Amino acid sequence: MKLFEYEARNIFNQYGIPVPKFSVVSSPEEAYKAAEEIGGRVVVKAQVLVAGRGKAGGVKLAENPEEAYRYAKQMLGSEIKGEKVRKVVISKAVDIARELYLSIIIDRSIGAPVILASPEGGVDIEELARTKPERILKIVVDPILGVRDYHARRAASFLELSEPALKKAQEIVVNLYRVFENYNCELAEINPLALTPDNSLEAVDAKIILDDNALFKYPEFSSEFVRDLSYYEAEAKKMNFSYVELDGNIGILCNGAGLTMATMDSVYVLGGKPANFLDIGGGARADLVEKAVTLLLQHPKTEVIFINILGGITRCDEVANGIVAALKKTTTSKKIVVRLKGTNEEEGRRILEENNVFVLEEMDEAARKAVELGGGR
Ligand code: GDP
Ligand code: MN
């Protein structure tokens with residue numbers, strides 16, 4: 001689970017990572033007051049969980065409290081990349097001489113945390129990894145031994161700093177690792193870590209992703225009221241579906257995580273783009289299938305729905321009845337491609353065909369059909 005920037009900043013503060021003075025507000029009036037109290041130039045920052053806020057207009061430099069008021073008013077209640085802004089951070093503006101990058105992340109292929117450091121921060125790290133991979137230093141940390149001084153020295157010296165910033169960067173590496181370890185993070189990132197003209201360092205941005213399996217340890221962050229789920233994510237959660245939103249236009253609905261992933265792969269391979277991952281689990285009855293299909297029918301991104309079911313404990317006739325029930329309740333121009341196999345397959349097929357829903361037998365041909373209808377190659 002991603003934390004908001006202000007939550008990550010609070011943690012950084014407790015762990016001795018330098019963060020510019022800030023306050024979290026939810027009205028323009030509070031923004032004005034906060035800017036006045038902080039004094040001088042401030043940065044108004046939308047608190048949303050999507051990446052690239054700055055480029056999307058969610059980070060603005062304000063010269064005075066009036067400007068902070070105006071930017072806060074603009075941002076609060078607006079949407080940034082589809083996410084509603086409910087809070088903004090008013091932060092003391094930092095004079096930046098150079099933007100650096102520092103993070104600790106779990107590398108799943110190695111099964112260990114790695115420290116990533118770059119003297120060229122501020123930009124998207126994936127982009128930097130593509131264009132200038134030699135500008136990113138990667139240090140694998142043995143999770144049993146934890147971060148050692150030599151790790152910190154190596155990472156800090158890669159940032160092209162001179163004293164006293166060099167020494168401070170070492171401390172930040174050690175403290176960031178303490179955060180990473182104590183909060184069971186998947187990622188703890190500072191981008192940018194700002195080098196100021198007077199040779200000090202400030203964590204201008206703060207990003208933390210907690211491991212969902214450890215969330216029970218941190219009830220202060222796990223509240224659904226704090227976290228903003230999209231309508232679709234919230235509905236899926238209520239029904240205990242595994243649901244993840246993606247960028248494409250082909251809705252995917254399957255039973256079982258393995259089949260769902262294989263179905264997404266088959267769509268990708270043929271040049272299509274899944275709109276989501278939706279696994280309804282095993283043994284779903286018609287009413288649950290109806291809700292799942294309805295969810296995808298409602299989703300504005302979905303143009304085609306590819307339903308791929310392998311009947312075991314899930315019965316194909318139940319699935320068919322669920323699909324038909326969902327279709328009867330809406331008028332839609334969305335195309336549906338169904339592939340059914342397994343328990344009560346014939347009955348399922350009969351129900352669907354009676355209701356003019358086309359059923360395919362093989363996964364390959366069904367994927368091809370879905371991609372074709374979705375406008376892929
Ligand atoms: P992100 O777009 O969500 O990553 O938001 P950031 O907090 O990283 O801000 C984006 C960019 O805005 C940074 O890379 C900086 O270039 C700039 N920025 C943010 N805060 C400050 C600040 O206090 N002073 C200055 N000069 N620039 C800032
Ligand atoms: Mn950033």
Side-chain angles (χ1 to χ4, degrees), residues 1-13 17-25 31 34-65 67-68 71-72 74-76 78-105 116-129 131-132 135-136 159 165 168 172 176 179 185-209 228:
M1 184 182 76
K2 283 183 189 163
L3 297 189
F4 286 107
E5 181 194 8
Y6 72 88
E7 294 171 318
R9 277 183 171 217
N10 285 334
I11 294 175
F12 284 2
N13 264 333
I17 297 170
V19 169
K21 191 165 182 235
F22 76 101
S23 161
V24 196
V25 302
E36 216 172 27
E37 272 168 31
I38 291 168
R41 291 163 82 202
V42 295
V43 187
V44 182
K45 309 183 81 177
Q47 296 303 289
V48 286
L49 301 171
V50 291
R53 278 175 312 173
K55 282 185 196 147
V59 179
K60 299 276 188 194
L61 208 63
E63 295 295 335
N64 49 49
E67 248 182 56
Y71 285 132
Q74 250 170 42
M75 285 179 203
L76 287 163
S78 75
E79 283 192 359
I80 293 187
K81 294 185 173 175
E83 196 183 325
K84 195 163 188 152
V85 182
R86 297 177 193 279
K87 290 189 164 102
V88 295
V89 154
I90 306 296
S91 177
K92 185 159 187 60
V94 174
D95 274 344
I96 303 181
R98 202 148 60 78
E99 301 194 11
L100 320 170
Y101 178 92
L102 185 65
S103 74
I104 299 168
I105 188 167
L116 297 177
S118 174
E120 297 188 32
V123 295
D124 182 9
I125 192 72
E126 282 90 1
E127 173 68 19
L128 188 65
T131 53
K132 298 180 189 167
R135 297 293 278 163
I136 303 174
L159 298 174
K168 283 185 191 147
I172 293 173
L176 191 64
V179 169
C185 296
E186 286 182 355
L187 171 76
E189 182 186 74
I190 310 175
N191 187 26
L193 174 62
L195 174 69
T196 66
D198 60 2
N199 215 3
S200 71
L201 294 171
E202 298 264 6
V204 159
D205 196 4
K207 185 169 175 185
I208 286 181
I209 303 178
D228 226 11

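These numbers come from a predicted model, not from an experiment. Ligands are counted one by one from 1 in listed order, and the atoms in each one are counted from 1 as well.
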Drop me the distance from [X]'s [atom1] to [Y]'s [atom2], to the nearest 0.5 angstrom.
X: I209; Y: L3; atom1: CD1; atom2: CG; answer: 9.0 Å
X: L159; Y: L193; atom1: CG; atom2: CG; answer: 7.0 Å
X: I190; Y: R9; atom1: CD1; atom2: CZ; answer: 11.0 Å
X: L76; Y: K84; atom1: CG; atom2: NZ; answer: 10.5 Å
X: L176; Y: C185; atom1: CG; atom2: SG; answer: 8.0 Å
X: I104; Y: L187; atom1: CD1; atom2: CG; answer: 9.5 Å

[X] to ligand 1: N or O pair under 3.5 Å?
X: K45; result: yes
X: I96; result: no
X: E5; result: no
X: V94; result: yes

Donor-acceptor pairs under 3.5 Å, side chain of residues 116-127 to any protein atom, not counting sequence neighbours: which ones?
from, atom 1, to, atom 2, distance (Å)
S118, OG, E120, N, 3.0
S118, OG, R135, O, 2.8
E120, OE1, K132, NZ, 2.9
E120, OE2, R135, NE, 2.6
E120, OE2, R135, NH2, 3.3
D124, OD1, E126, N, 3.4
E127, OE1, R130, NH2, 2.8

Check whether any side-chain N or O of E67 sits under 3.5 Å from a backbone N or O of E63 as a donor-acceptor pair, and report yes or no.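 Checked: pair present.
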Begin with the C-alpha distance, continue with both residues' side-chain angles, and end with the deciding distance and a verdict on salt bridge (Lys or Arg N to Asp or Glu O under 4.0 Å) for E5 and K207. CA-CA 6 Å; E5 181 194 8; K207 185 169 175 185; over 6 Å; no
Quickly, which of M75, E83, K81, Q47 forms a side chain to side chain contact (heavy atoms under 4.5 Å, CB included) with R53? Name it, please.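 Among the candidates, only Q47 passes.
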Suppose I only count heavy atoms of [X] and a 4.0 Å limit; which atoms of ligand 1 are within that range?
X: N191; result: 8 (O)
X: A93; result: 23 (O)
X: V204; result: 19 (C), 20 (N), 21 (C)

Using a heavy-atom cut-off of under 4.0 Å, does the side chain or the backbone of D95 touch ligand 1, or both, or neither? neither
Ligand 1 versus V59: contacting region, heavy-atom distance under 4.0 Å: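 It is the side chain that gets close, since no backbone atom is under 4.0 Å.
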Considering all protein heavy atoms, does one lie under 4.0 Å from atom 11 (C) of ligand 1?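 Looking at atom 11 (C) of ligand 1, one finds that no protein heavy atom lies closer than 4.0 Å.
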Could you check whether any heavy atom of K207 sits closer than 4.0 Å to an atom of ligand 1, since that is the contact criterion I want to use? no
I need the protein N, O or S atoms closer than 2.8 Å to the Mn ion (ligand 2), given as residue plus atom name.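 Atoms qualifying: N191 O, D205 OD2.
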